[in-house]
Amino acid sequence: MLDQRLLRDDPERISRQLARRGLKLDLTSLQHSALQERDLEERRSNLQAEGNRIGKEVGQRIKAGASPQGPEVRSLREQGNQIKLQVAGLEEEEKALQSQLRDQLLALPNLPSELSPDGKSEADNVEVKRWGEPRRPYPGEQLQEHWQIAERLALVDSERSVRIAQSRFVTLRGMGARLERALIALMLDLHAKRGYTELLPPILVNSASLTGSGQLPKFAEESFRCADDDLWLTPTAEVPITSFHRDEVIAADQLPLRYAAYTPCFRREAGSYGRDTRGLIRLHQFNKVELYWFCLPEDSDAAHEQLTLDAEAVLETLDLPYRRMELCSADLGFSAARTYDLEVWLAGAGTYREISSCSTCRDFQARRANIRLKADKGTRLVHTLNGSGLAVGRTMAALLENGQQADGSVLLPKALVPYLGTDRIEGP
RNA sequence: GGAGAGGUGGCUGAGUGGUUGAAAGCGGCUCCCUGCUAAGGAGUUACAGGAGGUAACUUCUGUCGAGGGUUCGAAUCCCUCCCUCUCCGCCA
């Protein structure tokens, strides 16, 4: 959520920044509402002060011996009643305005960082780094895509999964299931070594949690909801982790707080019909290890670099070639001020494919979720950052495509041997 | 799911209609005193929003789980909801 003070004082700046996302907004009426709300608050609180004075005076007069039914007390009471009525009227107006203002503010995305490059679309994202040597086919070699390899080696069963749930769900089996589990363990172990505290949070989350991290109210259709409860299947661990500290004041010397959490993630993928229908790339349910920082505002730019390096460490540990893309202003997610996407090389598809998205949200989520820090003087909003470290299914896809061998087996990186007891997947 | 108890400041915990944003203790911070493994003394210490001021700060309002109600006045009375604890039931 954006700062209401900024809205009152400098709506032009907000418009200018949101224009970089491709949003053309006239904020004058919103600013007007915000100013009007402040005006109502001032009038209301002045009236309340008057009412408080009267209330105190009544108490003092009665204490001093005045009759509670006497004329002087009665006249004060009547004044008090008058004020009460006026206050009630103003309060009603104020609340209506407030909730309308809040609804509108909650629907506005974060301002892009001044560090994010300008752009009009995905095409304007900037490659900032490349690591590893992409696996290319040898002359005459026909590389398979991961879903072909997975089917051939019986690592997944898509058809039966439709029977269990519907399309875009998979059942991993045999080495497929073991590999997924091994990858989760490897990622969590790696992050623990790098100083992250592991969390295993609830994966059903309430509306306040989704609002806090920015999925609600705008993206309700993207999440699965439990009809009888105020609970949703979490679309990412970012949601429960943000709310882990919702409404808290964190001592400055506790920061940064760094968490790594594995959760299944659930997304309706509305509007993506026909895209990535095969394999492990786009599923309604997928596993992800998420990295998350709560930090001091002045540290968040450096934290963003570090968090991204921590995600890249997984790819490097697994010998997976990747590149780092800096998203342009138009391609930023709703809550993000600045984002690096990590794209892994998929040898079978012959492309780089997003496997992690590392963002700083600055105070955007902290303001929604009311997460502050206490320094020497007063409180401030913390900054929050999140990044996948990594999407597990896509990691498996990359390992299958990049590790495929001429004999049909898949060679796995050495780092997985302690978890799997082998560096090779052969047929069933 | 049933019965009972309860939700007060960083923590413990008083407070059943009138200057109570809240006693006391612990903890934190500042200063003073003192040398011997610590103690003593003084002061200070909630959050949010608004107004004024370059600022230190001053001032107003709200907040004692949340929301409503009664009243001139509510932490205190009434209603609804949420949550926690204990016992019972059920259960991986």
For the pair [X] (side chain) and [Y] (backbone), establish whether a donor and an acceptor sit closer than 3.5 Å, ignoring hydrogens and angles.
| X | Y | answer |
| --- | --- | --- |
| A/Asp124 | A/Lys120 | yes |
| A/Arg380 | A/Lys374 | no |
| A/Glu343 | A/Arg353 | no |
| A/Arg21 | A/Gly333 | yes |

Any salt bridge linking [X] with [Y]? Criterion: basic side-chain nitrogen under 4.0 Å from a carboxylate oxygen.
| X | Y | answer |
| --- | --- | --- |
| A/Arg324 | A/Glu305 | yes |
| A/Lys193 | A/Asp189 | no |
| A/Asp301 | A/Arg362 | yes |
| A/Lys288 | A/Glu290 | yes |
| A/Arg61 | A/Glu72 | yes |

Considering only the [atom1] atoms, how many Å lie between [N] and [M], rounded to the nearest integer?
| N | M | atom1 | answer |
| --- | --- | --- | --- |
| B/U44 | B/C36 | C1' | 29 Å |
| B/A74 | B/G89 | C1' | 39 Å |
| B/U63 | B/U70 | P | 16 Å |
| B/A38 | B/C47 | P | 32 Å |
| B/C11 | B/A48 | P | 16 Å |
| B/U8 | B/A66 | P | 10 Å |
| B/U84 | B/C60 | P | 39 Å |
| B/C33 | B/U20 | C1' | 35 Å |

Original post:
Which of parallel (below 30°), tilted (30 to 60°) and perpendicular (above 60°) describes A/Phe224 and A/Phe169?
Top reply: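 Judged by the thresholds at 30° and 60°, the geometry between A/Phe224 and A/Phe169 is tilted.
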How long is the line joining [atom1] of [X] and [atom2] of [N], in whole Å?
| X | N | atom1 | atom2 | answer |
| --- | --- | --- | --- | --- |
| A/Leu76 | B/C72 | CG | P | 12 Å |
| A/Ile83 | B/U71 | CD1 | C1' | 15 Å |
| A/Glu37 | B/A48 | CD | P | 17 Å |
| A/Leu85 | B/G69 | CG | P | 12 Å |
| A/Gln98 | B/A48 | CD | P | 16 Å |
| A/Arg246 | B/A66 | CZ | C1' | 14 Å |
| A/Glu42 | B/U59 | CD | C1' | 12 Å |
| A/Gln82 | B/U71 | CD | C1' | 16 Å |

Original post:
Of all residues at least two apart in sequence or in a different chain, which pass the side-chain hydrogen bond (donor to acceptor under 3.5 Å, both in side chains) check with A/Arg268?
Top reply: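 Here no residue qualifies.
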Original post:
Which part of the nucleic acid, if any, lies within contact of A/Arg43, taking any heavy atom under 4.0 Å across all strands shown: a base, the sugar-phosphate backbone alone, or nothing?
Top reply: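 The residue A/Arg43 makes no contact with any strand.
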Could you list all N or O pairs between the protein and nucleotides 61-64 of chain B that sit under 3.5 Å apart?
| from | atom 1 | to | atom 2 | distance (Å) |
| --- | --- | --- | --- | --- |
| B/U61 | OP1 | A/Asn52 | ND2 | 3.2 |
| B/U61 | O3' | A/Gln48 | OE1 | 3.3 |
| B/U61 | O2' | A/Arg44 | NH2 | 3.0 |
| B/U61 | O2' | A/Gln48 | OE1 | 2.7 |
| B/G62 | OP2 | A/Asn52 | ND2 | 3.4 |

Subject >> Ring centroid separation A/Phe294 to A/His383 under 6.0 Å >> reply: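 Not under 6.0 Å, so no.
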Original post:
Ring centres of A/Phe244 and A/Tyr292 under 6.0 Å apart?
Top reply: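 Not close enough - the centres of the two rings lie 6.0 Å or further apart.
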Subject >> From CA spacing to verdict: side chain to side chain donor-acceptor pair (under 3.5 Å), A/Ser359, A/Thr339 >> reply: CA-CA 4 Å; A/Ser359 301; A/Thr339 298; 2.7 Å; yes
Pair assignment for [N], Watson-Crick or G-U wobble, requiring both distances under 3.5 Å:
| N | answer |
| --- | --- |
| B/U63 | B/A46 |
| B/A51 | B/U58 |
| B/G4 | B/C85 |
| B/A74 | none |
| B/U20 | none |
| B/G40 | B/C32 |
| B/A14 | none |

Original post:
Closer than 4.0 Å, any side-chain N/O of A/Lys95 to the OP1 or OP2 of B/G68?
Top reply: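 A/Lys95 to B/G68 OP1/OP2: side-chain N or O found under 4.0 Å.
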Original post:
Are OP1 or OP2 of B/U71 and a side-chain N or O of A/Arg77 less than 4.0 angstrom apart?
Top reply: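 For A/Arg77, the contact criterion (side-chain N or O under 4.0 Å from OP1 or OP2 of B/U71) is not met.
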Grab the N/O contacts between the protein and nucleotides 6-9 of chain B below 3.5 Å, and write none if there aren't any.
none

Original post:
RNA chain B: A/Arg5 or A/Glu78, which has the more 5' nearest nucleotide?
Top reply: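 Going by which nucleotide is closer to the 5' end, it is A/Arg5.
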Show each protein N/O and nucleotides 18-22 of chain B N/O combination with a separation under 3.5 Å, one pair to a line.
| from | atom 1 | to | atom 2 | distance (Å) |
| --- | --- | --- | --- | --- |
| B/G18 | N2 | A/Gly55 | O | 2.7 |
| B/U19 | O4 | A/Gln60 | NE2 | 3.3 |

**OP:** Run the numbers on A/Gln17 and A/Glu114 for side chain to side chain donor-acceptor pair (under 3.5 Å), then give the verdict.
**Re:** CA-CA 9 Å; A/Gln17 293 298 93; A/Glu114 58 286 349; 5.5 Å; no
Please output the side-chain donor-acceptor pairs of residues 75-97 of chain A that fall under 3.5 Å, not counting sequence neighbours, one pair per line with the distance.
| from | atom 1 | to | atom 2 | distance (Å) |
| --- | --- | --- | --- | --- |
| A/Arg77 | NH2 | A/Pro68 | O | 2.8 |
| A/Glu94 | OE1 | A/Arg44 | NH1 | 2.8 |
| A/Glu94 | OE2 | A/Arg44 | NH1 | 2.8 |

Close N or O pairs between protein and nucleotides 45-47 of chain B (under 3.5 Å):
| from | atom 1 | to | atom 2 | distance (Å) |
| --- | --- | --- | --- | --- |
| B/C47 | OP1 | A/Lys374 | NZ | 2.5 |
| B/C47 | O3' | A/Arg372 | NH1 | 2.7 |
| B/C47 | O2' | A/Arg372 | NH1 | 3.4 |

